[in-house]
Amino acid sequence: MNTHATQTLDARGMNCPLPILRTKKALSAMSSGETLAITSTDPGSFKDMQAFCKQTGNELLSSNQEQGEFVYVVRKS
Amino acid sequence: MGKLDIILPENLDKSIFDQWFDERFETRMAERAAAHVPSLAIIATKGTLDWAYPPFILASTASALGWDVSVFFTFYGLELLKKDLHLEISPLGNPSMPMKMPFGPQWFKDINWKIPNLVMAGMPGFEKMATGLMQQTVKNNGVASIEELRSICIESDVKLVACQMTVELFGHSHDAFIPEITDWIGAASFLPVAQKSDVCLFI
């Protein structure tokens, strides 16, 4: 887990579309420029997170796979 | 002489004007595309547990993407707007539905039980049992419940509109439905919404 992020979101064990919906919810409570680190176990979230960020204009700073878990860092636009 | 020849000075090279116009047009179109909020219109017509998922998953996700979403619930789809959801699933006549047990050792879970239609139709409580197994499978896989997805839709301002005609047809009472229903309308009111949407789905 990236400890430098402003906030973290544990979406492990959740399946499509919950990781995206939870990410959206967490981001809406944050200020522009803040970062959110999301941990997910849903393999589908890898492409979905890219699409979500592209569509909403939030920046996907990193997207990593570590031991079956996906870690994303998103900066709120 | 065309209108353009009157407006433009005689010595102007038209190709320069065309180039200017093309560039300007591109910029304007890009600005317009950037400012456009995509919209989704869904017509939800089915009221079983399995068919309840697509409209709510697509609606909640579209709204997370910042889209403007309306869902029109009609016929059996109205069941999805009841205060108390008692959605069931019927594997009868659905050869694509895997019948797998959500518990026990892996080899047992992997068995796809082929149950003859005659047994499914004749065994009392078969649909109740299938519904229970489906709910357990959903839970085991971290898939949201319909109640949860519906709440997310309401929180994120998805417009849930209900078909007035169906209420009368099936003798429903308005009191049985969630108060968050945006409107009770008919086909003539929803079609213009569907017409203006970027994506329209019939589910």
Side-chain angles (χ1 to χ4, degrees), chain A residues 1 7-61 63 65-77, chain B residues 30-40 42 44 49-69 71 80 98 100 102 134-158 160 197-199 201 203:
Chain A
M1 180 64 85
Q7 271 195 44
T8 57
L9 171 67
D10 185 359
R12 286 176 295 183
M14 293 179 194
N15 224 319
C16 169
L18 283 176
I20 296 297
L21 300 180
R22 291 275 190 267
T23 300
K24 160 77 181 174
K25 197 173 180 185
L27 285 172
S28 23
M30 290 165 59
S31 311
S32 175
E34 288 186 329
T35 51
L36 175 69
I38 306 122
T39 320
S40 168
T41 45
D42 171 22
S45 67
F46 192 75
K47 280 190 174 163
D48 277 2
M49 196 60 75
Q50 292 175 14
F52 168 77
C53 288
K54 197 177 170 200
Q55 179 102 64
T56 54
N58 296 296
E59 192 184 351
L60 185 58
L61 297 176
S63 186
Q65 192 177 358
E66 295 164 9
Q67 299 148 1
E69 288 189 357
F70 299 87
V71 180
Y72 312 103
V73 181
V74 177
R75 177 161 43 214
K76 183 168 174 171
S77 63
Chain B
E31 278 171 13
R32 202 180 143 168
H36 175 72
V37 177
S39 56
L40 167 67
I42 296 176
L49 180 60
D50 48 349
W51 282 97
Y53 275 94
F56 284 126
I57 288 180
L58 291 166
S60 56
T61 306
S63 124
L65 294 179
W67 295 20
D68 188 24
V69 189
V71 190
L80 311 183
K100 292 184 176 180
M134 181 72 169
Q135 281 164 340
Q136 191 57 47
T137 306
V138 160
K139 214 172 167 184
N140 289 354
N141 285 287
V143 171
S145 67
I146 291 301
E147 285 87 345
E148 196 176 359
L149 288 171
R150 191 173 73 177
S151 307
I152 294 171
C153 285
I154 292 168
E155 274 170 38
S156 49
D157 290 329
V158 168
L160 305 173
S197 68
D198 296 295
V199 180
L201 305 170
I203 302 175

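Naming: A, B, ... by sequence-line order, numbering from 1 per chain. What you see is a predicted model, and the numbers here were worked out from it, not measured in a lab.
- The 12-atom threshold is exceeded at NZ of B/Lys100, counting heavy atoms of other residues, nucleotides or ligands nearer than 6.0 Å.
- The pair A/Arg12-A/Glu66 does not count as a salt bridge, with every side-chain nitrogen at least 4.0 angstrom from each carboxylate oxygen.
- For chain A, the nearby part of B/Leu149 is the side chain; its heavy atoms alone come within less than 4.5 Å.
- Contacts between B/Ile152 and chain A at a heavy-atom distance below 4.5 Å involve the side chain alone, from C-beta outward.
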Practice task
Please report the C-alpha distance between B/Ile203 and B/Leu58 in whole Å, then the side-chain angles of each, then the deciding distance to 0.1 Å, and finally whether the side chain to side chain contact (heavy atoms under 4.5 Å, CB included) criterion is met.
Solution key: CA-CA 11 Å; B/Ile203 302 175; B/Leu58 291 166; 4.0 Å; yes

Exercise for the section: Quick one: do A/Thr39 and A/Thr8 satisfy side chain to side chain contact (heavy atoms under 4.5 Å, CB included)? Show the steps, please. Expected result: CA-CA 8 Å; A/Thr39 320; A/Thr8 57; over 6 Å; no

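- Here B/Ala144 is the residue among B/Gly66, B/Ala144, B/Ser156 with the most heavy-atom pairs under 4.5 Å with chain A.
- Looking at A/Thr23 and A/Tyr72, their side chains never bring a donor and an acceptor atom within 3.5 Å of each other.
- At a 4.5 Å heavy-atom cutoff, the contact between A/Lys25 and chain B is made by side-chain atoms alone.
- Using a 4.5 Å cut-off between heavy atoms, B/Ser63 contacts chain A through its backbone alone, with no side-chain atom that close.
- Of all the listed residues (B/Asn141, B/Thr61, B/Leu65, B/Val143), the one sharing the greatest number of non-hydrogen pairs under 4.5 Å with chain A is B/Leu65.
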